[in-house]
Amino acid sequence: MNEEAAKPSLLKRLLALVVLAVAAWILLKFVIGLIAGLATIIVIVLAIVAVFWALNTL
């Protein structure tokens with residue numbers, strides 16, 4: 001059996017690499033967005049708690 005026939009062509013390998021890079025980029029953007037969203041919610045909750053604390057202190 002010819003070893004070259006078992007390997008995908010260079011163009012297919014390049015296309016697979018591009019697809020993986022795009023998928024990784026989209027996943028990275030999603031994870032960063034998720035973390036930023038959670039951080040925003042945490043900051044808002046902390047700000048509300050701080051306002052109630054300040055009002056109770058005064």
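In the hydrophobic cluster analysis, where Ile, Leu, Val, Met, Phe, Trp and Tyr join through side-chain heavy atoms closer than 4.5 angstrom, L34 is grouped apart from I26.
Atom CH2 of W53 and atom CG of L58 lie 8.5 Å apart (nearest 0.5 Å). Annotation: the span from L10 atom CG to L17 atom CG amounts to 10.5 Å, rounded to 0.5 Å.
The only option from V31, L38, I32 that meets the side chain to side chain contact (heavy atoms under 4.5 Å, CB included) definition with I35 turns out to be V31.
Within 6.0 Å of the CG atom in L28, the count of heavy atoms belonging to other residues, nucleotides or ligands exceeds 12.
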